[in-house]
2 protein chains.
Amino acid sequence: MKLSKTSEYAIRILSYMAKENNELFSAKQLIEKLGVSDKYLRKLMTLLSKVQLINSKQGRYGGYCFSKNTKDIYISDIINAVEGMDKYLGCILGFDDCSDENPCSMHEVWVETREKLLKTFSETSLYEISQKNSLKI
Amino acid sequence: MKLSKTSEYAIRILSYMAKENNELFSAKQLIEKLGVSDKYLRKLMTLLSKVQLINSKQGRYGGYCFSKNTKDIYISDIINAVEGMDKYLGCILGFDDCSDENPCSMHEVWVETREKLLKTFSETSLYEISQKNSLKI
DNA sequence: TTAAAATACTACTTAATGGTAGTATTTGCA
DNA sequence: TGCAAATACTACCATTAAGTAGTATTTTAA
Ligand code: SF4
Ligand code: SF4
């Protein structure tokens, strides 16, 4: 399993924010703590604010903050915001016109794993993650 | 979950071969049946023969055949042959220097899913796949 | 021994992702 | 009002993955 860098960064940034639980985060702050370049982080934050996962405020004393409770933000929401989950749920062989009714030889083997993956992403919230007693990020 | 096109193609080609169970397959034959371009398929087949999953024979009446029993070829072998499994087993956040002893906030959530994924890939053989009664490929 | 039919090799092109630079805009306070 | 400190936008550059073209090599049967 491999997410794109873009999704990796988005999850890192938001899970850091959820854990710290500040009122407001500046890009500068986030850049210092997480290993993401200035411009790339800002581009991402703009994306995330466009789908209303976070709010951004320009100007002096501006920055980013969550626009809803972290209990209501799921990993799948984050991935969807920056690149879409669809590509991770398709056929393992790269076809795009099959259904469960007409399975090929790989299908049965793949489906169970995929379900598990989807379940993890769509049921784990940022809040849950931020509650773990961890040492990194 | 998304494999690279390269892995997708490799799995498609080999699972087709396992199902048909011919002595020998020519590139031409495979290209006609599977939607992979001539040159790309040949490049892949050369890769697969270099790691001894298949044998290739040049010259008139040449072609490709399995070099071992399809019961002994696992999905993970195929992925390893063409691009490596490693990238699919790393950290979901893109870090590369963590261990299970010092988990970050995402770790616990991710590990179980990853185990399942790895298990599926490393325990499913081409033979198993070719035995399924399927309609595609 | 030569021609046909197959794979192998080398080098290039295209598309997608990841990353950077520079400028514009917004905001609030001295 | 004007400056400082923040984010937003536009346009470009770099790297990697995917795909293509053309030539070389191998094999064997006529
Ligand atoms: S039936 Fe096979 S080809 Fe179709 S979606 Fe399932 S795994 Fe993919
Ligand atoms: S602890 Fe966190 S950062 Fe480290 S490998 Fe696990 S998920 Fe990745």
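Excluded from the calculations below are hydrogen atoms, water molecules and symmetry mates; all remaining heavy atoms, backbone and side chain alike, are included. Throughout, protein chains are lettered first and strands after them, A, B, ... in sequence-line order, and every chain is numbered starting at 1.
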* According to a strict under-4.0 Å criterion, is B:Ser26 in side-chain N/O contact with OP1 or OP2 of C:dA5? -> no

* Asked: If you look at every strand shown and take non-hydrogen atoms under 4.0 Å, does A:Lys43 touch a base, only sugar-phosphate, or nothing?
  -> base

* Within the structure, does a side-chain N or O atom of A:Thr46 lie under 4.0 Å from either OP1 or OP2 of D:dT7? -> no

* Is the A:Tyr40-A:Tyr9 ring centre distance short of 6.0 angstrom? -> yes

* Measure from NZ or CZ of B:Arg114 to the centre of the six-membered ring of B:Tyr88 and say whether it is under 6.0 Å with the direction within 45° of the ring axis. => no

* Asked: Does D:dA8 have OP1 or OP2 sitting under 4.0 Å from an N or O in the side chain of A:Arg42?
  -> no

* To do: State whether A:Ser37 places a side-chain N or O below 4.0 Å from either non-bridging phosphate oxygen (OP1 or OP2) of C:dT20.
  => yes

* Starting at atom CD of B:Gln29, determine the distance to atom P of C:dA5, rounded to an integer number of angstrom. => 16 Å

* To do: Decide yes or no for B:Leu14 and B:Ile54: does some side-chain heavy atom of the first lie under 4.5 Å from some side-chain heavy atom of the second?
  => yes

* Asked: To the nearest Å, how far apart are A:Ile54 CD1 and D:dT7 P?
  -> 10 Å

* Counting only side-chain N and O atoms of B:Tyr9, is one of them less than 4.0 Å from OP1 or OP2 of D:dG19? -> yes

* Structure fact -> Rounded to whole Å, CE of B:Met45 lies from P of C:dA8 at a distance of 9 Å

* B:Asn21 (side chain) donor-acceptor with B:Ala18 (main chain) under 3.5 angstrom -> no

* Asked: Taking the side chain of B:Lys57 as its heavy atoms from C-beta onward, which of C:dT7, D:dA18, D:dT27 lies nearest to it?
  -> D:dT27

* To do: Could you state the atom-to-atom distance from CD of A:Glu8 to P of C:dT17 in whole Å?
  => 14 Å

* What residue among B:Asn22, B:Leu30, B:Leu24 forms side chain to side chain contact (heavy atoms under 4.5 Å, CB included) with B:Met17? -> B:Leu30

* **Non-neighbouring partners of B:Lys71 that pass side-chain contact (heavy atoms from CB on, under 4.5 Å), sequence neighbours left out** => B:Asn69, B:Tyr127

* Asked: Should B:Tyr61 be listed as having a side-chain N or O under 4.0 Å from OP1 or OP2 of D:dA30?
  -> no

* Asked: Counting only side-chain N and O atoms of B:Ser56, is one of them less than 4.0 Å from OP1 or OP2 of C:dA8?
  -> yes

* Asked: D:dA5 P sits how many Å from A:Asp38 CG, rounded?
  -> 16 Å

* Asked: Per the atom types in the model, does the base of C:dG22 pair as donor or acceptor with the side chain of A:Lys39 at under 3.5 Å?
  -> yes

* Asked: What is the distance from CG of A:Leu44 to C1' of D:dC9, rounded to the nearest Å?
  -> 15 Å

* **Distance, rounded to the nearest Å, where B:Leu47 contributes CG and C:dC9 contributes P** => 10 Å

* **5' precedence on DNA chain D between A:Lys50 and A:Arg60 (nearest-nucleotide basis)** => A:Arg60

* Asked: What nucleotide, of C:dT7, D:dA8, C:dG18, holds the atom closest to the side chain of A:Lys5?
  -> C:dG18

* Is there a donor N/O on one and an acceptor N/O on the other, under 3.5 Å, for the side chain of A:Gln58 and the base of C:dT26? -> no

* Quick one: label B:Tyr40 by what it contacts on the DNA or RNA (base, sugar-phosphate, nothing), any heavy atom closer than 4.0 Å. => base

* Can you tell me how far P of C:dA6 sits from CZ of B:Phe25, to the nearest Å? -> 15 Å

